[in-house]
Enquirer: 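Take this structure first; my questions come after.
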Amino acid sequence: MKKITIIKPRQAFSWQDIVEIWDCRELLYALALRDIKVRYKQTIVGVAWVLFQPVVSMVVFTVFFGNFAKMPTDGAPYPIFVLIGLIFWQFFSSAVSDISNCLINNNSIISKVYFPRVLFPLATLLARFVDFLVACLILVGMMIYYQFMPGLTGILIFPLLIVVTAIAALGLGLFFASLNVKYRDVKFVLPYFIQMLMFVTPVVYSTSILGKYGWIMAINPLAGVIKTARSEFLHSYATNWTQLGISAIACVLMLGVGWLYFRAVERYSVDTI
Amino acid sequence: MSPIIEVKNLAKRYLIRHEHGDYITLRDKVAHPIKALKTKVSKPEEFWALNDVSFNVEEGEMLGIIGHNGAGKSTLLKILSRITPPTKGEAKLRGRVSSLLEVGTGFHPELSGRENIFLSGIILGMTRLEVAKKFDEIVEFSGVEKFLDTPVKYYSSGMSVRLGFAVAANLDSEVLIIDEVLAVGDAEFQEKCLGKMSEVTARQGRTILFVSHNMSAIKSLCNKCICLKDGKDVFYGDVQKVVSDYLSMSNGEGLVNILNRDRGYQGLSAQVKVTNFEVTNDGVTNPLYINPLAKVEFKVTIKATADVDFSVVLSIKEALRPILYFNSKEISKIKLSLKKDEEMEVSLSIDQISLAASNYNIDCDLFTPGGARHDYVANIYNFSVVSLDPYSSGFNITNRCAVYHVNHQWNINKNNI
C-alpha cells in the first residue's frame with residue numbers, strides 16, 4: 001500500500017499530524033543526537049559542561065545566598081536545596097532558549113526538505129532532557145552525601161515533575177520560536193526574559209518567604225514543580241497538591257497556546273525566514 | 001492506473017511589502033501602533049509565483065521542468081516537496097517523496113563524514129537501517145573512505161559535494177524531486193552524477209521531477225517536459241517538442257544590457273565608447289540561443305569623443321576560459337579611425353561558429369595598439385548553444401567532449417591480407 005500525500009492550502013489541526021510525528025521518530029532521535037554531539041564540540045572539557053553548569057551555580061549560590069544572605073530553606077542544607085531548584089530550572093531555561101532559536105538555526109534544512117517542523121523543538125527538548133538526566137546524577141550524589149531518602153511518592157512523582165517541566169518548556173519555547181520567525185527582536189529579548197523568570201521562580205529561595213501569597217506563584221509551573229520536588233525529597237514540609245495541580249493545568253495551557261501559534265506560523269515560516 | 005502525481009490548478013501567491021525592506025521588528029509594532037495599522041491598510045502587492053498549473057505524471061516517467069529565472073520552477077518544486085503550502089489548488093502524490101533541492105542537505109560541519117551520512121540520509125527520508133544497508137555504496141561513490149571520521153568542515157568543497165550527492169543518489173523513494181543540484185561540481189563530476197541518475201532511474205522505474213537550465217541534460221534524462229512562464233504552464237508534452245518551443249520563445253531576450261548603466265570608465269580613456277551591441281543569427285536579433293551552424297553577426301556601435309585610431313576586440317569565453325579571439329587591427333590588419341563625435345558600426349560575421357553546446361559570454365574591448373585602452377565591457381552579451389550536430393546524426397557535441405567542431409572527412413581503406 002502506497003502512502004498518499006495530498007498537498008492543499010493550509011489545513012487545521014488533524015490527527016494525521018500526530019501520526020506523522022510518530023512516523024518520523026528516527027529523525028527525531030537523529031536530530032537530538034546531532035544537537036548533543038555538536039553542542040560541546042570544540043570545548044576543552046566537552047560533555048563535562050553538563051555537570052559543571054549546575055555544580056558551579058550551586059557553589060556560587062550556596063556561598064552568596066546560603067552563607068552570606070542566609071536564605072531560609074525550611075530546614076534543609078542550602079546546597080541540596082538550591083541544587084533541586086537548579087537542575088529543574090536549567091532544564092527549563094536551556095530548553096526554552098534553544099527551542100526559541102531552533103527554527104531560525106535550522107533554516108537551511110527547513111527551506112530544503114520537508115518533515116513536521118515540530119520535530120526541531122521536540123529534538124531540542126530531548127537533547128536538553130539528556131543533559132538534565134546527567135545533572136540528576138549530581139543530585140543523587142548529594143542526596144547520598146546529606147543522607148536524604150525520597151519517599152515512595154517522591155520517586156513516583158519525579159517523572160510527573162519532569163513531564164510538567166518539559167511541557168512548560170515546550171509550550172513557551174514553541175511560542176517564542178514562532179514569534180522569532182516574524183520578529184527578530186525575540187533573540188535579544190529572550191535572555192533578559194529568562195533571567196526575569198528566574199526571579200519569579202523559587203530557585204534560590206523558598207516559596208515560604210512569600211507567606212500566604214505563595215499559591216499565586218503556582219501559576220508558574222516551575223514553582224509548583226520545584227516546590228513539590230523539595231517537599232518530597234527533603235521532607236521539610238508536606239506536599240501541596242493543589243499548587244501542583246494549578247501548575248499542571250498552567251503548563252498544559254502554555255503548551256496549547258504555544259502549539260497553536262506554532263501551527264499557524266510553521267506553514268508559512270519558509271516564506272518569512 | 002491512476003497517475004503517481006496529480007497536480008490540479010496549483011497556485012502560490014506571495015505578498016510583497018514595499019514599506020519594510022527588512023524584517024519587521026516588534027519595536028516597530030509596539031512603538032508605532034498607529035503607523036503599524038496604517039501600513040496594514042496600504043495593501044501589499046500580490047505576486048503569483050505560480051498560477052493555475054495542472055499536470056499529471058505517470059509512474060516511471062521523468063518530467064523535466066524548464067523556464068526562465070522567476071518562471072515559478074522552484075516554487076513548484078517547493079510546493080511538491082511540501083516545504084511551502086500552495087495558496088490554491090491541490091496536488092496528490094502517491095508514494096514516498098524525497099526532495100533534493102541542494103546537495104548535502106542537513107550536513108553539519110562539526111560532525112564526521114560517517115555521522116553526516118546517517119544524519120543527511122535520515123533527514124532526506126531514509127530509515128537508519130536503509131542508510132546502513134547503502135552505507136558502503138555511498139562511501140564508494142563519494143570516494144571519501146579515508147576521511148570518514150574527519151569532521152566535514154575539513155573536507156574540500158568538492159569532497160562534501162560528492163558525499164552529499166552520494167547520499168542523495170541512494171535514496172529509495174518512489175518520487176524524486178531534483179532541482180539543478182547537478183549545477184555544482186566540476187564537469188567530470190557532473191557527468192558522473194548524470195550517469196548515476198539515468199542508471200538509477202532506468203533500473204528502479206522511479207518517477208523523477210527534474211528542474212534544470214541545462215537543455216541537453218533535460219533532453220537526455222527526461223521523456224516529458226513542462227515549460228513554465230510567469231507562473232503558468234505554457235508548454236507540456238514530449239521533451240523534444242517542449243524544449244524547441246521554449247527555445248524559440250526565448251529568442252530576442254539575450255542581450256545583457258549593461259551598456260545603459262553608468263559604467264564609470266575607470267582606468268579607461270573613453271575617447272571611443274561602445275554605445276550598442278547587436279547579434280543576429282538565423283534571422284533573429286539578439287537570440288538567447290544561437291544556432292552554431294547558421295551565420296552569426298556581431299555588430300558593435302562605436303562613438304568617439306576625440307580623434308582616435310583604434311582596434312576592436314571581441315573575445316568569446318566559456319565561463320572564464322577564452323575560446324575565440326577577434327582583433328580588428330592586430331589580427332585582421334583593418335585600420336579604424338574616428339573623428340570627434342563621429343559614430344560607426346563595425347560588424348564581425350562568422351559563417352559557422354560551430355561552438356559546442358554550452359553557455360558563452362562575450363567581452364568587448366576598444367584600444368589603440370601600443371597605446372591607451374578606451375573602453376572595455378565584460379559580458380556585453382551572453383548566449384547559449386543547445387546543440388551542435390553538424391552532420392544531423394543525433395549526436396550532440398557538448399562542452400563535455402569538445403570546445404567546437406571543425407568540418408572533416410573520414411577516409412577508410414580496407415586492407416585485404
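A, B, ... follow the sequence lines: proteins, then strands. Residue 1 opens every chain. Side-chain atoms are counted along with the backbone in the values below, which use heavy atoms only and exclude waters and symmetry mates.
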Enquirer: Please output the residues of residues 117-125 of chain B in contact with chain A, using a heavy-atom cutoff of under 4.5 Å, in numerical order.
Expert: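 Within residues 117-125 of chain B, the residues under 4.5 Å from chain A are B:Leu119, B:Ile122, B:Ile123, B:Leu124.
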
Enquirer: At a 4.5 Å cut-off on heavy atoms, which part of B:Lys8 comes close to chain A: side chain, backbone, both, or neither?
Expert: neither

Enquirer: For atom CH2 of B:Trp48, is the number of surrounding heavy atoms from other residues, nucleotides or ligands below 6.0 Å larger than 12?
Expert: yes

Enquirer: What residue in B:Leu80, B:Thr84, B:Ile83, B:Ile177 has the most heavy-atom pairs under 4.5 Å with chain A?
Expert: B:Ile83

Enquirer: If I measure from the heavy atoms of chain A, does B:Thr127 come under 4.5 Å with its side chain, its backbone, both, or neither?
Expert: both

Enquirer: Not counting sequence neighbours, list each pair that qualifies as a side chain to side chain donor-acceptor pair (under 3.5 Å) and has a residue in residues 194-203 of chain A.
Expert: A:Thr201-A:Asn220

Enquirer: What closest approach, in Å, do A:Lys112 and B:Ser99 show between heavy atoms, and which atom pair accounts for it?
Expert: O-OG, 3.7 Å

Enquirer: Could you tell me which non-hydrogen atom of B:Arg128 sits nearest to which non-hydrogen atom of A:Glu26, and how far apart they are?
Expert: N-OE1, 2.7 Å

Enquirer: Relative to chain A, which segment of B:Glu6 carries a heavy atom at a distance below 4.5 Å: side chain, backbone, both, or neither?
Expert: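 Neither the backbone nor the side chain of B:Glu6 comes within 4.5 Å of chain A.
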
Enquirer: Say you draw a straight line from CG of B:Leu111 to NZ of A:Lys37; how long is it, rounded to the nearest 0.5 Å?
Expert: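 Going from CG on B:Leu111 over to NZ on A:Lys37, the span is 6.5 Å.
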
